[in-house]
Amino acid sequence: MTDIAATDDLFFTRTGLDRGRAERLVEDALHGADDGELFLEYAQSESFVFDDGQLKNASFDTAQGFGLRSVAGETAGYSHSNELSEAALKRAADTVKAVHAGHGGTMADGPGRTNQSLYAEDNPLNLTPFETKVKLLADIDAYARAQDDRIKQVSASLSGEWQAVQIIRADGSRAADIRPLVRLSVSCVVGDGDRMESGNYGTGGRTTYDQYLTEETWQGAVDEALRQALVNLTSVSAPAGEMPVVLGPGWPAILLHEAIGHGLEGDFNRKKTSAFSGLMGERVAAPGVTVVDDGTITDRRGSLTIDDEGTPTQRTVLIEDGILTGYMQDRMNARLMGQPPTGNGRRESYAHAPMPRMTNTIMLNGDKDPEEILRSVDKGLFAVNFGGGQVDITSGKFVFTCTEAYKIENGKIGPAVKGATLIGNGPDALTRVSMIGNDMALDPGVGTCGKDGQGVPVGVGQPTTKLDWLTVGGTEI
């Protein structure tokens with residue numbers, strides 16, 4: 001695990017905050033609580049936006065602060081500040097003490113330690129010169145415009161983040177992590193006569209900028225964004241009604257993330273507000289469906305060495321061969337449910353309390369050839385890319401918009417369609433899976449998950465998957 005000394009310089013040496021006094025304040029503040037921690041964060045972030053042939057925006061931001069949490073039973077008190085000082089920490093301690101006053105709890109044992117390191121600790125913001133980042137975006141713009149005379153607009157953005165965290169518990173134990181994160185995005189708008197369509201592609205991960213500076217990577221991103229735009233330019237009206245739906249590999253697992261993943265987070269199940277509540281050990285999906293949440297995949301956007309409570313991340317099997325076997329847990333909900341934490345306690349920043357969140361949520365491979373899956377459909381929809389969607393956790397009902405989809409006609413991919421939406425119920429949809437491909441792929445590294453106003457980076461993945469039927473919303477008459 002990241003050497004704690006690397007973060008001591010940021011949180012104590014540079015700020016003048018005495019570490020020993022901070023540890024004693026935490027011990028005193030959490031006396032009588034069931035759980036809690038001091039979360040320290042220092043983060044740098046930058047972004048560049050290139051639009052209409054010129055650099056439109058360049059920003060850089062530094063943020064630091066702490067969050068102090070006290071947990072008593074089902075109640076949590078949280079106080080945060082962007083001032084790393086003893087005075088601010090004392091004020092926070094006085095606030096959270098009120099939550100467990102007279103409670104008389106026994107502090108839970110801290111998380112175990114880990115020697116794993118899932119990503120390089122280098123700060124990507126410092127390793128690549130400003131001029132190189134701007135040139136990359138200019139090269140993307142020039143390359144894209146040279147590919148097709150139907151291109152009307154090109155937008156490209158590059159962003160990076162470097163986050164250092166340290167977690168101090170009441171017993172003085174500490175954990176630390178340093179997390180890089182970068183992302184490259186390209187958007188192309190094409191036109192033919194009065195018709196305009198767009199295509200988008202992004203890629204990223206917990207690495208430095210180096211791999212995104214290679215022609216293979218950034219030209220590939222442009223090619224994919226342009227391909228999607230040109231496909232949409234020839235699209236026809238989407239069919240409507242109940243029909244077989246084949247989901248492509250990789251990013252379409254965002255449907256799995258939203259419609260099923262959130263329902264398997266510990267807080268919703270402890271409160272019995274999830275469609276999966278009380279179903280542990282029961283069949284919730286078709287045979288062959290195995291879903292895991294894996295925060296240990298090297299360099300992936302959703303991966304963490306430790307979560308934001310200090311628990312090492314792990315590979316948690318949620319559904320095995322169709323049977324519900326696990327939930328994703330932070331420390332509080334795990335304790336209240338009598339289960340072990342799974343390394344899924346995450347927060348957007350020091351200004352937010354942790355809660356159970358996904359990392360990289362994946363449906364594992366089946367044994368079918370993707371072409372065999374398509375051949376099995378006489379008339380249906382092949383959904384390759386998704387945009388936004390809405391999900392009701394309690395009922396499991398979802399609506400998702402397809403940004404790239406095709407008709408399936410007589411077992412073959414037909415014309416692209418525009419305006420298709422998928423409508424269904426997460427738990428029901430899992431039972432309709434009839435064929436699972438052998439081509440599991442992870443998304444390219446662009447996912448951000450929102451929950452209770454907090455956004456965190458996540459990953460998804462799945463193989464080509466056939467659902468015997470879903471309701472497709474379309475405009476075809």
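Values below: every heavy atom of this structure, side chains too, minus hydrogens, waters and symmetry copies. From a predicted model like this one, the values you see are computed outputs, not experimental measurements.
In summary, the side chains of Arg206 and Thr305 do not present any donor paired with an acceptor at a separation below 3.5 Å, with no hydrogens or angles considered. One side chain, Ser59 or Ser47, offers a donor N or O that lies under 3.5 Å from an acceptor on the other.
The side chain to side chain contact (heavy atoms under 4.5 Å, CB included) with Thr465 is formed by just one residue from the set Met435, Met363, Met440, Lys368; it is Met363. Here the rule is side chain to side chain donor-acceptor pair (under 3.5 Å) with Asp293, and of Thr359, Asn360, Thr342, Thr313 only Thr359 fits it.
Two residues are said to be in side-chain contact when any heavy atoms from C-beta on lie closer than 4.5 Å; Pro111 and Glu309 fail this criterion. Two residues are said to be in side-chain contact when any heavy atoms from C-beta on lie closer than 4.5 Å; Ile140 and Phe50 fail this criterion. The closest side-chain heavy-atom distance from Phe268 to Tyr327 is not below 4.5 Å. Considering only heavy atoms from C-beta on, His262 stays 4.5 Å or farther from Val391 through its side chain.
A donor-acceptor contact shorter than 3.5 Å links the side chain of Tyr209 to the backbone of Gly160. Without hydrogens or angle criteria, Tyr201 side chain to Leu226 main chain gives no donor-acceptor distance under 3.5 Å. Side-chain N or O atoms of Arg347 include none that pairs as donor or acceptor with a backbone N or O of Gly67 at under 3.5 Å. Between the side chain of Thr217 and the backbone N or O of Gln211, at least one donor-acceptor pair lies under 3.5 Å. The main-chain N or O of Val460 is found under 3.5 Å from a side-chain atom of Asp443 such that the two form a donor-acceptor pair.
The residues Arg432 and Glu242 are annotated as not salt-bridged, no charged nitrogen and carboxylate oxygen being separated by less than 4.0 angstrom. Between Asp8 and Arg174 there is a salt bridge, since at least one side-chain N of the basic residue sits less than 4.0 Å from a carboxylate O of the acidic one. Using a 4.0 Å cut-off between a side-chain N of Lys or Arg and a carboxylate O of Asp or Glu, Lys133 and Glu46 qualify as a salt bridge. A salt bridge links Glu83 with Arg91: the distance from a Lys NZ or Arg NE/NH1/NH2 to an Asp or Glu carboxylate oxygen falls below 4.0 Å. Ion pair Arg179/Asp308 flagged as a salt bridge, since at least one NZ, NE, NH1 or NH2 atom sits closer than 4.0 Å to an Asp/Glu carboxylate oxygen. Using a 4.0 Å cut-off between a side-chain N of Lys or Arg and a carboxylate O of Asp or Glu, Arg227 and Asp148 do not qualify as a salt bridge.
Heavy-atom neighbours of Arg315 CZ from other residues, nucleotides or ligands within 6.0 Å: at or below the threshold of 12. Annotation: Gln54, atom CD; neighbour count of heavy atoms from other residues, nucleotides and ligands within 6.0 Å is above 12.
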Begin from the C-alpha positions of Asp439 and Thr464 and carry the test side chain to side chain donor-acceptor pair (under 3.5 Å) through to its verdict.
CA-CA 7 Å; Asp439 59 341; Thr464 299; 2.7 Å; yes
Intermediate values then yes/no, salt bridge (Lys or Arg N to Asp or Glu O under 4.0 Å), Lys418 and Glu197
CA-CA 10 Å; Lys418 180 177 175 63; Glu197 297 290 348; 3.1 Å; yes
Derivation of the salt bridge (Lys or Arg N to Asp or Glu O under 4.0 Å) call for Lys397 and Asp428:
CA-CA 9 Å; Lys397 293 180 180 179; Asp428 288 345; over 6 Å; no
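Asp52 contributes atom CG, which lies 5.0 Å from atom CD of Gln153 (distance to the nearest 0.5 angstrom).
Looking at every heavy atom in both residues, Thr403 comes nearest to Asn232 through O-OD1, 3.3 Å. Closest heavy-atom contact between Tyr406 and Val384: CE1-CG2, 3.8 Å.
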